[in-house]
Amino acid sequence: MRTRVQAALLVFAVLAVAAFAVPLLLYTASDRTQQLVLSRSADLDRFASLMDQAAATGDTSALAAEARRYTQLYGEALVVTDTRRSPVVETGGMRAADPVVARLLDAALRNQTAHPTGALRPWSSGHRMFAEPAGTGTRVSGAVVLRASVATAAEDITRLWAAVIAGTALVAIACTVLARAATRWVVSPLRRLDRAVGQLAAGLPPEQTRTGGPPELRQLATGFNRMARTVTAALEQQRRLVADTSHQMRNPMAALRLRVDALHAHLPASADRTYTGVTTELDRLETLLDDLLALAAAEHRAGELTVTDDADAHCDAAAVAAAQYRLWEPVARRAGARLTLQNAPDPVTAGCTDRELAQITDILLDNAIKYAGPGAEISLRCTTEGPLAVLTVTDDGPGLDADELALATTRFWRSRRQDRTAGTGLGLAIAEQLLAGRGGRLELGAGKPRGLRVRAVVPRGRAGGGSAGGVDGGAVGGFDGGAR
C-alpha cells in the first residue's frame, strides 16, 4: 500500500511540476527568440535609414562604412541594394545574387518585411534571414537583408533551460521527500495495524499498536488495542483451560488407575466384565487428554508460523517416510494388514521440520491400520508435484462416503461404522493444523477401487537451513488418530 500511495503522490507531483516547467521552458525560448528578432529589427531599421539617406544624397560611404563595422563587430553579413537591385553594400560573403537573398530582396522591394518565424531551441544552429525595405511610407528607396547568427541566442536559451530544469529537479526532489514523509505518516500506522491483525488472527498476543498518523488512524489504533486485549485475554483463557485441564487431570487419572488396579485383586470373577469396561474407558480418557494437548500445541504452533518467517525449515520427506515405514510396518503386520512403501528415487525436500512430518505420518498410518481392518493393503508414498511435496497414505478398507469425507477433519467426529473402534476424532484435525502452519493442506478422497486416500501436501523447502537429521517416530502404536 505504501508503494501505491507514494507512486500516486509522485505521479501527481511530476504532472504538477511538468505543468509548470514545460510552459516556462517554452516561454524562455520564445522570449529569447523575440529579443533576437527585436534586436535585429532595430539593426535593419538603422541600415534602412542610412540607405534612405544615401538614396537621397547619392553618398553611400557612410552606409558602407557602418555595414563593414557591423559585420566586423558581430560577424553577421549584410546586403543593401537600391530599387533596381543593384548592390550598394555586400559584407560577410553574402551576395545579392544568392537565390535566397534574391527572394528576400524582391519581397523587401515590394515593401514587405521578412522576419523568421518559430522559436529557437538550445539545439538550434546556423543563421536566420531578415529583410526590410528602405524608405518612408509607401516610397521604397532600397532593400536591406541581414543574415543573423543564432548561436548566442541558443546558448542563452540553453543556460535558461538548464536553470529551469535544475529548479524543477529541486522541486521534484522536495516533492519526493514530502511524498515519502506523508506516505510514511499515513501508511506506517496501517502497517503496524496489519501486523497486529495478523498476530491476532493467528491466535497470538498482538503487539500494542502505537498511535500515530492522522486523527482517524489514531482513533482506529486505540480501538483496535482495546479489542485486541479483550480477544487475546479470551483466547488465552481458552487455551489455558484446555491445556491446564488436560494436564491437571493426568494425576487424578493415574491415581484412579492405580486404585482400580489395586481393587481388581479383591473383585469376584463376576466383576471382571465391569473392571474391563472401566479400564477401557480410562484408556480412552487418557488418550483423549493426550490428543487435546497435541491439538492445542498444533494450533499454537500453526498460529506462530503464520506471523513468523521460518522459510528455512526443511527436511527430506522421503527419508522421513522410510523411517516411519520401518516403525509402523511391524504394527501393521500385528494388526493383520500389509504396509508397503513407494518412495521417490531422489530426496524430496519438504518445507517443514522432520518432527512435524513424522507426526503427520504417524497420524495417517495409525488411522489406516486401525480402520482399514485385517487383511487390508496399505501403501505409503512420497512424491513431488511441481513446487509441492506430497505424502500419500492409501488403504483398501471400507473408506468414507462423500458426506463423511466432508466431516472427516472435524474435531471429535467419527464415522458411525467405527463406533466400536478406539479413537477420539482428533487425529486428522491435528494433522490439518500442522500442515496449515506450513502453508500446506490435507486432502481426503476415495481410494480405487475402494478405501481411503489421504494426501499431506506441503510446499517444498530449500535445502541449507532449518531442521534435518534424525526422525522421531513419535507415538508409534500409541498415537490415536481417531479420524474415522
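Heads up: numbering here begins at 1 and tracks the sequence.
Put simply, the side chain of Leu391 does not reach to within 4.5 Å of the side chain of Ile360, judged on heavy atoms. Within the 4.5 Å cutoff, side-chain heavy atoms of Phe130 are placed close to those of Val37. A 4.5 Å side-chain heavy-atom check between Asn367 and Leu452 finds every atom pair outside the cut-off. Contact check for Glu356 versus Val320: no side-chain heavy atoms found under the 4.5 Å cut-off. Counting heavy atoms from C-beta on, the side chains of Arg455 and Thr392 come closer than 4.5 Å. Under the 4.5 Å side-chain criterion, counting only non-hydrogen atoms from C-beta, Ile363 is not in contact with Glu432. No side-chain heavy atom of Arg147 sits under 4.5 Å from any side-chain heavy atom of Glu76.
Across Ala368 and Val393, no two heavy atoms sit closer than the pair CB-CG1, 3.9 Å. Nearest heavy-atom pair, Ala456 versus Leu364, reported as atom, atom and distance to 0.1 Å: CB-CD1, 4.3 Å. Shown here for Arg40 and Ser149, the closest heavy-atom pair between the two residues is NH2-O, 4.5 Å. When all heavy atoms are compared, the tightest approach of Ala389 to Ala350 is CB-CB, 4.0 Å. Between Asn343 and Ala318, the closest heavy-atom pair is ND2-O, 2.9 Å. Between Arg326 and Pro330, the closest heavy-atom pair is O-CD, 3.3 Å.
Between the CD1 atom of Ile369 and the CH2 atom of Trp328 there is a distance of 5.5 Å, given to the nearest 0.5 Å. The structure places OG1 of Thr33 at 11.0 Å from CG of Leu38, a figure rounded to the nearest 0.5 Å. Separating the CG atom in Leu26 from the CZ atom in Arg121 is a distance of 5.5 Å, to the nearest 0.5 Å. In this structure, Arg460 CZ and Cys352 SG are separated by 12.5 Å, a value rounded to the nearest 0.5 Å. Interatomic distance, Ser125 OG to Leu120 CG, rounded to the nearest 0.5 Å: 10.0 Å. Here the straight-line distance linking atom CZ of Arg338 with atom CG of Asp395 works out to 14.0 Å at 0.5 Å rounding.
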Verdict with supporting geometry, Thr353 and Cys315, side-chain contact (heavy atoms from CB on, under 4.5 Å) = CA-CA 6 Å; Thr353 65; Cys315 68; 5.9 Å; no
ask   = Can you check side-chain contact (heavy atoms from CB on, under 4.5 Å) on Arg159 and Thr28, steps first, answer last?
value = CA-CA 10 Å; Arg159 285 192 295 271; Thr28 55; over 6 Å; no
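Tested against Leu442 for a side chain to side chain contact (heavy atoms under 4.5 Å, CB included), the candidates Val458, Leu435, Leu434 yield a single pass: Leu435. Of the candidates Glu443, Arg438, Glu385, Val457 forms a side chain to side chain contact (heavy atoms under 4.5 Å, CB included) with just one, namely Glu443.
Looking at Asp316, its side chain does come within 3.5 Å of a backbone N or O of Val348 through a donor-acceptor pair. Ser39 places no side-chain N or O within donor-acceptor distance of the main-chain N or O of Gln35, the cut-off being under 3.5 Å.
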